Visitor: 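The following block contains the structure, expressed as structure tokens.
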Amino acid sequence: MKRGIIKIVIAGVIVLAAAVAVTVTVQGRGRRQAEVTQGVEVLKKMESADVTQVESKIRQIEEEELKNDEEYQNRPLNVKYDGSLIMGDSQAEALTAYSILDDSEVIARKGMHLKDTADDMETAINLNPKNIFLTYGVNDLGMYSTKDDFVAVYKEIISNLQENLPDTKIYVNLIFPVQQSAINQQPHLARYNEFNEGIRSMCDELGVTCIDSNSLVKDDCYEPDGIHMNYNFYLSWVEYMAEVAQL
């Protein structure tokens, strides 16, 4: 809605309220007149309010109405994630490799560690997305002596995002389970449960949403390496994240 239209609407309501005030005055002074006068004052304050705030409130109302529309709920995933970012390692990179999401909605690289994310986070800050979904950790399982060391780095990254993107909602995924065959070859991968405990606590402390998609993981979801997943899992995962975030 254009600013001029908003002001015209508010002005029209003020005129109407003023007319009612006159009518009430003719019929008798007292409580009703006081109520109308108070209403006019409220409308005058609305007229002088920041129009941008009014427009933002209108958009929020429209979005809430849309969420109840079946066609809106069933729109394509790449449309749901428009204006959002999924950031992470090869698990997130698979979303564009399988053409589940658009390249503009994913910032991820195979083998990514938390300590190497500075440039990606700067890119995210410049993009100013509505939502950020983080999925890191599996490559960090062998890098840190304790889960607390891992969490300390993760916490610094998220705190930086919160400081620079105060209006962006942040979601943090748990590390996906790893099959025993992969753990036999790389024993440090068995630490994913321990690190996930740290992620949960961190999310509570920072006030961000922790996404636990691990109930979606079944034996038939894995690729032969026992770490990465197949197309069906990634599709379910993205749909679940959208549900949690109410996209």
Side-chain angles (χ1 to χ4, degrees), residues 56 59-60 63-64 66-67 77-96 100-110 112-141 143-144 147-176 192-217 234-247:
S56 176
R59 282 197 299 271
Q60 289 177 14
E63 288 176 0
E64 288 300 320
L66 280 172
K67 287 178 181 178
L77 283 169
N78 64 325
V79 176
K80 288 184 178 182
Y81 279 89
D82 183 39
S84 298
L85 277 178
I86 299 179
M87 306 181 68
D89 48 35
S90 55
Q91 303 286 21
E93 188 180 43
L95 302 178
T96 54
I100 295 173
L101 293 179
D102 297 336
D103 290 343
S104 61
E105 297 163 339
V106 179
I107 298 178
R109 289 194 298 278
K110 181 179 180 180
M112 177 59 69
H113 298 88
L114 284 178
K115 66 180 181 63
D116 299 323
T117 61
D119 289 344
D120 289 348
M121 295 304 159
E122 188 64 29
T123 299
I125 290 169
N126 291 332
L127 290 173
N128 190 25
K130 293 181 292 186
N131 306 285
I132 291 179
F133 300 83
L134 302 175
T135 178
Y136 296 97
V138 68
N139 298 313
D140 297 292
L141 293 174
M143 289 195 63
Y144 297 96
K147 68 178 180 183
D148 293 335
D149 293 336
F150 164 77
V151 166
V153 177
Y154 217 157
K155 188 185 299 184
E156 185 177 347
I157 290 169
I158 295 173
S159 296
N160 181 54
L161 290 175
Q162 290 177 315
E163 180 180 351
N164 287 279
L165 299 171
D167 297 324
T168 298
K169 294 181 179 178
I170 298 175
Y171 302 85
V172 182
N173 284 274
L174 295 181
I175 302 169
F176 297 141
Y192 72 87
N193 270 325
E194 175 189 352
F195 278 44
N196 278 342
E197 291 175 3
I199 291 175
R200 286 191 181 94
S201 298
M202 175 190 69
C203 290
D204 288 340
E205 180 181 343
L206 297 179
V208 299
T209 301
C210 179
I211 299 182
D212 183 356
S213 304
N214 290 354
S215 61
L216 303 174
V217 180
Y234 288 120
L235 182 61
S236 298
W237 174 42
V238 173
E239 289 175 340
Y240 181 70
M241 286 194 292
E243 180 182 338
V244 171
Q246 297 183 322
L247 299 184

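Note that this is a predicted model, so its numbers are computed, not measured. Worth knowing before you read on, the calculation uses all heavy atoms, side chains too, and leaves out hydrogens, waters and symmetry mates.
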Visitor: Any idea which heavy atoms bring L165 and A124 closest together, and the distance?
Guide: CD1-O, 4.1 Å

Visitor: Between the main-chain N or O of L247 and the side-chain N or O of Y81, is there a donor-acceptor pair closer than 3.5 Å?
Guide: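 Not a single qualifying donor-acceptor pair exists.
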
Visitor: When rounded to the nearest 0.5 angstrom, what is the spacing between CD1 in I86 and CE in M241?
Guide: 3.5 Å

Visitor: Kindly assign one of parallel, tilted or perpendicular to the pair F150 and Y154, based on the angle between their ring planes and the thresholds 30° and 60°.
Guide: perpendicular

Visitor: Is there side-chain contact between E93 and M112, with heavy atoms separated by less than 4.5 Å?
Guide: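 Sidechains of M112 and E93: no contact.
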
Visitor: Does some side-chain heavy atom of E105 sit less than 4.5 Å from a side-chain heavy atom of D82?
Guide: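 Touching, per the 4.5 Å side-chain cut-off.
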
Visitor: For E197, what residues pass the salt bridge (Lys or Arg N to Asp or Glu O under 4.0 Å) criterion, not counting sequence neighbours?
Guide: K147

Visitor: Considering residues, nucleotides and ligands other than E239, do more than 12 of their heavy atoms fall under 6.0 Å from its CD?
Guide: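 Atom CD in E239 is crowded, with more than 12 foreign heavy atoms closer than 6.0 Å.
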
Visitor: Output the distance between atom CG (L141) and atom CZ (F195), rounded to the nearest 0.5 Å.
Guide: 5.5 Å

Visitor: With rounding to the nearest 0.5 angstrom, report the CG to CG distance, L235 to L95.
Guide: 9.5 Å

Visitor: Can you tell whether the side chains of D116 and R109 come within less than 4.0 Å, N to carboxylate O?
Guide: no

Visitor: Going by atom types alone, do T135 and N173 pair a side-chain donor with an acceptor below 3.5 Å?
Guide: no

Visitor: Side-chain donor-acceptor pairs under 3.5 Å in residues 205-213, sequence neighbours left out?
Guide:
| from | atom 1 | to | atom 2 | distance (Å) |
| --- | --- | --- | --- | --- |
| E205 | OE1 | K155 | NZ | 3.1 |
| E205 | OE2 | K155 | NZ | 3.2 |
| D212 | OD1 | N214 | N | 3.0 |
| D212 | OD2 | R200 | NH2 | 3.4 |

Visitor: Taking the side chain as every heavy atom from C-beta outward, state whether M87 and M121 have any atom pair closer than 4.5 Å.
Guide: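 Sidechains of M121 and M87: in contact.
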
Visitor: Tell me, please, which residues at least two apart from N139 pass side chain to side chain contact (heavy atoms under 4.5 Å, CB included).
Guide: D89, H113

Visitor: For D119, is the CG atom crowded, meaning more than 12 foreign heavy atoms sit under 6.0 Å from it?
Guide: no

Visitor: Is the side chain of T96 donor-acceptor paired with the backbone N or O of D103 at a distance under 3.5 Å, no angle test?
Guide: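 Side chain of T96 to backbone of D103: no pair is present.
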
Visitor: Can you list the steps and then say if Y136 with Q91 is a side-chain hydrogen bond (donor to acceptor under 3.5 Å, both in side chains)?
Guide: CA-CA 9 Å; Y136 296 97; Q91 303 286 21; over 6 Å; no

Visitor: To the nearest 0.5 Å, tell me how far Y171 OH sits from S84 OG.
Guide: 8.0 Å

Visitor: Taking all atoms of both residues into account, what is the closest heavy-atom pair of L77 and I100, and its distance?
Guide: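 The answer is CD1-CG2, 4.1 Å.
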
Visitor: For the atom pair CD1 (I107) and OG1 (T123), what is the distance rounded to the nearest 0.5 Å?
Guide: 5.5 Å

Visitor: Work out which heavy atom in V106 is nearest to a heavy atom in A92; give both atom names and the distance.
Guide: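 Closest approach of V106 to A92, heavy atoms only: CG1-O, 3.6 Å.
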
Visitor: Can you name the closest pair of heavy atoms from P129 and T168 and give their distance?
Guide: O-OG1, 2.6 Å

Visitor: If every non-hydrogen atom of V151 is compared with every non-hydrogen atom of I199, which pair is closest and at what distance?
Guide: CG2-N, 4.3 Å

Visitor: Could you tell me which non-hydrogen atom of V172 sits nearest to which non-hydrogen atom of I158, and how far apart they are?
Guide: CG2-CD1, 3.7 Å

Visitor: If I take atom CG from residue L85 and atom CZ from residue F133, how far apart are they, to the nearest 0.5 angstrom?
Guide: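 L85 atom CG to F133 atom CZ measures 10.0 Å (nearest 0.5 Å).
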
Visitor: With the side chain counted from C-beta on, respond yes when V138 and Y192 share a heavy-atom pair under 4.5 Å apart, and no when they do not.
Guide: no

